[in-house]
Amino acid sequence: MANGTLYTYPDNWRAFKPLIAAQYSGAKIKVASSPPQFHFGQTNKTPEFLQKFPLGKVPAFQGDDGFCLFESNAIAHYLSSEALRGSTKEAAAQVLQWVSFADSEIVPPASTWVFPTLGIMQYNKQATEHAKEEVRKVLSVLNEHLQSRTFLVGERLTLADITVVCSLLWLYKQVLEPSFRQSFLNTNRWFITCINQPQFKAVLGEVKLCEKMAQFDA
Amino acid sequence: MANGTLYTYPDNWRAFKPLIAAQYSGAKIKVASSPPQFHFGQTNKTPEFLQKFPLGKVPAFQGDDGFCLFESNAIAHYLSSEALRGSTKEAAAQVLQWVSFADSEIVPPASTWVFPTLGIMQYNKQATEHAKEEVRKVLSVLNEHLQSRTFLVGERLTLADITVVCSLLWLYKQVLEPSFRQSFLNTNRWFITCINQPQFKAVLGEVKLCEKMAQFDA
Amino acid sequence: MSTEYLSQEKIWFDKYRYDDAERQYYEQMNG
């Protein structure tokens, strides 16, 4: 079993992916997210950290056996069980398909829409409106796919569900108010099914869905 | 063996990844990249294409058995052999680490720098200068890593090398002139070793390294 | 020819700005 330490800052949605995967696989993960174990902005700039993790980015994982890994998708895959990775060649490829989909189709518009509401980025009306349309398209693709499915790949929950749910978290918490998400009933049902799994709750706690679309925080 | 049809437009660096992987695994791939088999901008907007590939993006793969897959990294992984995917859990995770690295750390700055030189995007001095610094950092991370290694993961070529080489192709062909790339000897050696493999040549043909950094094409 | 197709690729050109902003936000949050 791949036990070890995950370096991250608190509440990092990218770190939730490996942590939820570990809940399913039974991997024992120590989270180093606050001093003295880890101080984001300082520890990850030290020579010893950069020697192990050359980009200085988090989440970063070090196994008890010394094996080091960066990039959250790789860490989540490493900490997963075979079932989570996809038990056939086809399922394994479909898991990677949805993992790529999350990074290339969800993260960019989700960041564009949500960051200004958190005060992380300047608000830009045109960029936000475009991002809303991109998000609508993503939710619609998922809604179609989940029309006749409970989970994204095969009959059981996989790393595909964990990855796509985590990439949608900020959207569902911050801006997908009921009037916006009402057209995507299958996607909503799937998202709620996942976050109510005990393995998700153990990491995410109670996820409160957005009631009123947050506006940008000037 | 996963034989089938790859839909793409000609000379698509994202399609090169599965095609090179297939050269190693022996998968038989028919490329549909020009009429009548496939007309980019038309075929990928038809209902039957969108029914199989809901995003309408290419490359897209359909196996002779009907199995459909989108997202180039998933297709490349599916068409790979076990050896290319990484034969141990650790190696498989490291392959995914470099695949993620290519998409998140190389593709954005590489596109920002190269696209204006191809005349397909407005030139923006500040963005280009920033992209050059990011590319320098990427080449340096690879240079360090390849100090004592022939390939990125383990002792043999894997999907990590195929993916990272393909994401660097436009840079090495278009803007990494000798004076720029001379500080990254290990990366250059590794890149040339890969493109000279017969399986790469079969897909890429002769790759001519940039002699003079292309400037933006006003 | 292919460069004309290339222009239709979906690339997150601004990714570095979002990465930097997110990093600064969480660095501040973590004091």
Side-chain angles (χ1 to χ4, degrees), chain A residues 7-15 31-45 55-59 71-72 100-124 126-128 130-131 133-134 137-138 141 167 170 216-217, chain C:
Chain A
Y7 298 96
T8 180
Y9 50 76
D11 272 347
N12 179 358
W13 69 268
R14 289 185 183 80
V31 177
S33 60
S34 49
Q37 290 84 359
F38 179 78
H39 188 161
F40 183 60
Q42 297 187 14
T43 318
N44 54 310
K45 290 176 181 167
L55 290 174
K57 288 194 167 185
V58 293
E71 294 289 346
S72 58
S100 277
F101 172 84
D103 276 358
S104 56
E105 302 297 327
I106 301 176
V107 174
S111 306
T112 304
W113 187 0
V114 168
F115 277 21
T117 70
L118 296 171
I120 299 183
M121 283 284 270
Q122 276 290 343
Y123 172 72
N124 170 314
Q126 194 208 357
T128 297
H130 179 67
E133 284 322 300
E134 296 274 289
K137 192 177 151 194
V138 158
V141 165
S167 67
W170 270 119
F216 70 96
D217 168 345
Chain C
M1 188 53 162
S2 70
T3 55
E4 178 243 330
Y5 292 135
L6 209 50
S7 60
Q8 298 180 49
E9 281 292 336
K10 182 183 271 187
I11 307 278
W12 196 7
F13 291 104
D14 283 343
K15 184 174 182 295
Y16 76 94
R17 290 196 316 110
Y18 285 85
D19 285 352
D20 290 352
E22 189 175 15
R23 180 177 47 74
Q24 282 158 33
Y25 176 76
Y26 283 105
E27 281 183 356
Q28 273 157 30
M29 288 263 271
N30 288 273

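Order of the sequence lines fixes the chain letters, A, B, ..., with proteins taken first and strands second; residue numbering starts at 1 for each chain.
Contact annotation for S104(A): only backbone heavy atoms (N, CA, C, O) come within less than 4.5 Å of a heavy atom of chain C. Neither the backbone nor the side chain of V58(A) comes within less than 4.5 Å of any heavy atom of chain C. Heavy atoms closer than 4.5 Å to chain C are found nowhere in P35(A), neither backbone nor side chain. Looking at D19(C), only its side chain comes within 4.5 Å of chain A, counting heavy atoms on both sides. Within the 4.5 angstrom heavy-atom criterion, no atom of Q122(A) approaches chain C. At a 4.5 Å heavy-atom cutoff, the contact between D11(A) and chain C is made by backbone atoms alone.
Around CG of D20(C), the count of heavy atoms belonging to other residues, nucleotides or ligands within 6.0 Å exceeds 12.
Contact of the Y25(C) side chain with the M121(A) side chain is not registered, since no non-hydrogen atoms from C-beta on lie closer than 4.5 Å. At least one side-chain heavy atom of Y18(C) sits under 4.5 Å from a side-chain heavy atom of T112(A).
When each of P10(A), S33(A), A127(A) is scored by its heavy-atom pairs under 4.5 Å with chain C, the top score falls to P10(A). The greatest number of non-hydrogen atom pairs below 4.5 Å with chain C, out of Q42(A), H39(A), K57(A), is found for H39(A). Ranked by heavy-atom pairs under 4.5 Å with chain A, the first of M29(C), R17(C), Q24(C) is R17(C).
In this structure, Y9(A) and Y26(C) have parallel ring planes: the angle between them is below the 30° cut-off, well short of the 60° mark.
Taken to the nearest 0.5 Å, the CD atom of E22(C) stands 9.5 Å off from the CG atom of L118(A).
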